[in-house]
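Throughout, protein chains are lettered first and strands after them, A, B, ... in sequence-line order, and every chain is numbered starting at 1. These values consider heavy atoms only, across backbone and side chains, with no hydrogens, waters or symmetry-generated copies.
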Protein chains: 2
Amino acid sequence: MITLKDIAKLANVSTATVSYVLNGRGNISDKTRAKVLEIVEAHNYKPNNIAKSLKLNKTSTIGVIVEDITVFSAPEIINGINEYAEENGFTIVLTNLRIHKRIGNHFKDIDRYKHIITAAVDDLLSKQVDGIIYIGVHTRDVKGLIDIAKPVVYVYCYSTLESAYSVNYDDELAALEATNYLIERGHKRIALISGLIDSMPSHGRFNGYYKAIMANQLPFDPSLIKTGDWEYSSGYSMAKELMALPTPPTAILAMNDLMAGGAIDACREINVNIPEQLSVIGFDNREFSGYYSPKITTVDIPLQAMGSRAIAMLIEILDGSPPEESNPKLECRMIERETVAAAADKQ
Amino acid sequence: MITLKDIAKLANVSTATVSYVLNGRGNISDKTRAKVLEIVEAHNYKPNNIAKSLKLNKTSTIGVIVEDITVFSAPEIINGINEYAEENGFTIVLTNLRIHKRIGNHFKDIDRYKHIITAAVDDLLSKQVDGIIYIGVHTRDVKGLIDIAKPVVYVYCYSTLESAYSVNYDDELAALEATNYLIERGHKRIALISGLIDSMPSHGRFNGYYKAIMANQLPFDPSLIKTGDWEYSSGYSMAKELMALPTPPTAILAMNDLMAGGAIDACREINVNIPEQLSVIGFDNREFSGYYSPKITTVDIPLQAMGSRAIAMLIEILDGSPPEESNPKLECRMIERETVAAAADKQ
DNA sequence: CGCCGTAAGTTAAACGTTTCACTTTTCACA
DNA sequence: TGTGAAAAGTGAAACGTTTAACTTACGGCG
């Protein structure tokens, strides 16, 4: 490998001169500059960034820890990070925790996987990343799991550690808008198929639903609220229960597309036509929701924007001008497809 | 940041001694070792890998270039790479080309994106990665696009550059097995909905189909071969054409799940029951194929294994013992679901 | 002619490790 | 007690950059 020193020798100048030419600094005559550049070109010299990093104590590298890259949200978030990173001259060092494979669904038991995260962080730190972005698999508190001197921003999760940065989306607002969307179309009996009750997204989405119902002076009927477990099968069985009610709902808001899909398939079995007899809205805008029969109307989470925002914040911190909003919640967007219609039986 | 030099001073030994202790090398007494380790522990010293890399001219880092991380195959492949990398002490530097966004579908026009790849490679090289894994979005020849001194292995694509390493899957074998699967269930008129004709996967899959037909002495009927464009809509329209034939097929092998899905929906419209009246097999095992109605029987591509294999090969090359098989093609696996039944009308 | 200011370029230390070549200490044995 | 070999430890250079501090060359001006 040809080094800066070699170039200096070939050009009959000092290494300082070559360095200055390369970095467009210092006082160098056009003649010398041209000569150096020519030799650099001729030998296809590429600077060694490792050496540069050592000297400058700055790698222009950010560590991205993703809890599980195979989860639907991860690639989009990484894509967002990546685009912004590239535009700003940063490189990404990726660590995939493969957390589902390792700890199953024991996310509550933080002690169980603390060491996994610590190892990942230590590794990244030893590689001298300038900062870290931690991408969770769902909105939750990861406590003060990462406590280091370098800046960290959490995406799709947050840390109760004071002054921790995070970027998430607005669950409550999204559910409120989805519910309003139904109400605007004349629905009055709107069921909710919730995810696991002890999760943040379930709370946020429930609140949004509840506020929309209240704001529109609709009756709040607890029999219309069902608790699922985020899986297809729970959407399926909850929908059957709901449609067996004395007066079944005219619309269902499911807290994710999987449960929405289950609900739709349950309805097909019992000959409830969607959307004519029942409207359904999902959440997440999973890829399959666009290929479903019928195509599922759903709420899109701004994953890519969350990624960009996270790294934008990180870079601001690195530049010494911390972002004003340290825990932004981005807005979701409804994706209108084929599972919602105006309520048939206006009461 | 506390350095090795600091530790040495605190322990009253030379930096060499600390280094030896840390690396389990050299001749160090248990007493000294313990003292050093204690101080390391007490000050939570973490070695600076940048400095180490500079000295050793080896970063234990591999560059992963992915053409588009949002493509369904990418996360699984990266997952495979990541797992093996971690087990072997390597770190991944990720570069996402976002190639679809940048060049659309102009993959043939290599000059158009050559500079994008060159920039990515140069950047990785300047970061002194030990080797590069290039993940394509589909099987194709990327020519001698990357021509560097360090080892490169291609995944989901290959390079005609002599002595280039690659890992792919066996398209032909997969299509042959899928076709046989249908033949074993009594199907004799098996249609094929192909992807774009000028693509490698289309060729391979066609060959597999053709060989299975021939090996079973079935008639090869060109009217049963339709060329789609990989999109949902082409599956839809091709299926309609096929079912309008004087004697329609009893089974369709679609070259991807998207077209299989289109075909299934077309059949629903014209009241052809799946699988009773028509069997359908897709390709790719996309996530939605498992949530389709009916769930699509498909061919799973061993993405994760491809990733692991790629980095395994890379590490072998790095270790100076190049792999015997330099362009392996991994085997696919049929995923049996709900869209295949025995042929109804045995002739 | 001498002085000064500026432009152009150089010197050498520093970043945090590793390791070769060397020195010092220890200890078994004659 | 002296010797030599093995064990334990040290010194310093090196990896490829950057940059503060310095030197040199040059031209203009009084």
Side-chain angles (χ1 to χ4, degrees), chain A residues 1-37 39-40 43-61 89 91 122-123 125-130 149-150, chain B residues 1-37 39-40 43-61 89 91 122-123 125-130 149-150:
Chain A
M1 269 287 82
I2 183 153
T3 72
L4 183 144
K5 211 183 264 179
D6 299 330
I7 299 291
K9 193 161 294 169
L10 289 165
N12 258 314
V13 296
S14 69
T15 61
T17 300
V18 177
S19 178
Y20 286 133
V21 167
L22 257 20
N23 294 293
R25 241 181 274 124
N27 256 334
I28 308 292
S29 68
D30 288 349
K31 189 159 148 273
T32 306
R33 176 188 318 283
K35 183 173 60 178
V36 168
L37 253 20
I39 294 180
V40 161
H43 292 77
N44 192 30
Y45 163 76
K46 303 276 180 243
N48 179 330
N49 258 306
I50 292 288
K52 181 171 183 167
S53 297
L54 178 60
K55 186 84 228 306
L56 301 186
N57 194 29
K58 162 171 193 326
T59 56
S60 291
T61 273
T91 302
D122 281 354
D123 187 61
L125 250 25
S126 81
K127 293 249 152 60
Q128 309 299 116
V129 296
D130 294 335
K150 300 198 172 174
Chain B
M1 269 289 81
I2 182 155
T3 72
L4 181 145
K5 213 182 262 179
D6 299 329
I7 299 291
K9 195 161 292 171
L10 289 165
N12 258 315
V13 295
S14 67
T15 60
T17 300
V18 177
S19 177
Y20 286 134
V21 167
L22 258 19
N23 295 291
R25 240 181 272 123
N27 256 334
I28 309 292
S29 69
D30 288 350
K31 189 158 149 273
T32 305
R33 175 188 319 283
K35 184 174 58 179
V36 169
L37 254 19
I39 294 179
V40 161
H43 292 77
N44 192 29
Y45 163 76
K46 302 277 180 242
N48 178 329
N49 257 307
I50 292 288
K52 182 171 181 167
S53 298
L54 178 60
K55 186 83 231 304
L56 302 187
N57 193 28
K58 161 169 194 331
T59 55
S60 291
T61 272
T91 302
D122 281 353
D123 187 61
L125 250 24
S126 82
K127 293 249 153 58
Q128 310 298 115
V129 296
D130 293 336
K150 298 196 173 176

note: A:Leu4, atom CG; D:dG16, atom P; distance rounded to Å ~ 10 Å
Of the candidates C:dT10, C:dT17, D:dG9, the side chain of B:Asn48 sits closest to C:dT17
To the nearest angstrom, the OH-C1' distance between A:Tyr20 and C:dG9 comes to 10 Å
Which of D:dG16, C:dG16, D:dT19 is nearest the side chain of A:Thr3? It is D:dG16
In whole angstroms, the gap separating P of D:dT19 from CG of A:Leu22 amounts to 12 Å
Are the side chains of B:Asp30 and B:Arg33 in contact, using a 4.5 Å heavy-atom criterion?
yes
Taking C:dG16, D:dT10, C:dA12 as options, the one with an atom nearest any side-chain atom of B:Val13 is D:dT10
So A:Leu56, base contact, sugar-phosphate only, or nothing? Heavy-atom distance under 4.0 Å. sugar-phosphate
From CD1 of A:Ile50 across to P of C:dT18 the rounded distance in Å is 14 Å
Ranking D:dT17, C:dT18, C:dT11 by distance to the side chain of A:Ser14, first place goes to C:dT11
Of B:Leu54 and B:Thr32, the one whose nearest nucleotide on DNA chain D sits closer to the 5' end is B:Thr32
A:Lys58 atom NZ is separated from D:dT18 atom C1', nearest whole Å, by 14 Å
Rounded to whole Å, the CG-C1' distance (B:Asp30 to D:dA7) equals 12 Å
Exactly one of B:Leu22, B:Thr15, B:Thr17, B:Asn23 clears side chain to side chain contact (heavy atoms under 4.5 Å, CB included) with B:Ser19, and that residue is B:Asn23
Query raised in the report: Do A:Asn49 and A:Lys52 have side-chain heavy atoms sitting under 4.5 Å apart?
Result: yes
| said: Determine whether a donor-acceptor pair (one donor, one acceptor, N or O, separation below 3.5 Å) exists between the side chain of B:Lys55 and the base of C:dT17. | reply: no
Indicate, with a heavy-atom threshold strictly under 4.0 Å, whether A:Ser53 touches base, sugar-phosphate, or nothing. nothing
Atom NZ of A:Lys5 and atom C1' of C:dT11 are separated, to the nearest Å, by 13 Å
Does C:dT19 have OP1 or OP2 sitting under 4.0 Å from an N or O in the side chain of B:Arg25?
yes
Side-chain atoms of B:Thr15 come closest, of C:dT18, D:dT10, D:dA8, to C:dT18
Exercise. Give one of base, sugar-phosphate or nothing for A:Asn49, where a contact means two heavy atoms less than 4.0 Å apart.
Key: nothing
I want to check one thing: is the phosphate of C:dG9, taken as OP1 and OP2, less than 4.0 Å away from some side-chain N or O of A:Ser29?
yes
Among the nucleotides D:dA7, D:dT17, C:dA8, whichever has the atom closest to the side chain of B:Asn27 is D:dA7
Requested in this report: Could you check whether B:Ile28 gets within reach of a base, just the sugar-phosphate, or nothing at all, counting any heavy atom under 4.0 Å?
Outcome: sugar-phosphate
> Quick one: the side chain of A:Lys52 and the base of D:dT17, do they pair up donor-acceptor inside 3.5 Å?
Replying inline: no
Rounded to whole Å, NZ of A:Lys31 lies from C1' of D:dA25 at a distance of 13 Å
* At under 4.0 Å between heavy atoms, what does A:Ser19 touch on the DNA or RNA strands: base, sugar-phosphate, or nothing? -> base
Q. When you check the side-chain N and O atoms of B:Lys127 and A:Thr91, is any donor under 3.5 Å from an acceptor?
A. yes
Please confirm whether the backbone N or O of A:Leu125 pairs with a side-chain atom of A:Lys150, one donor and one acceptor, at under 3.5 Å? no
Q.
Any side-chain to backbone donor/acceptor pair from A:Lys46 onto B:Asp122? Under 3.5 Å, distance only.
A. no
Discussion item. Tell me whether the side-chain N/O atoms of A:Thr17 come closer than 4.0 Å to OP1 or OP2 in C:dG9.
Written reply: no
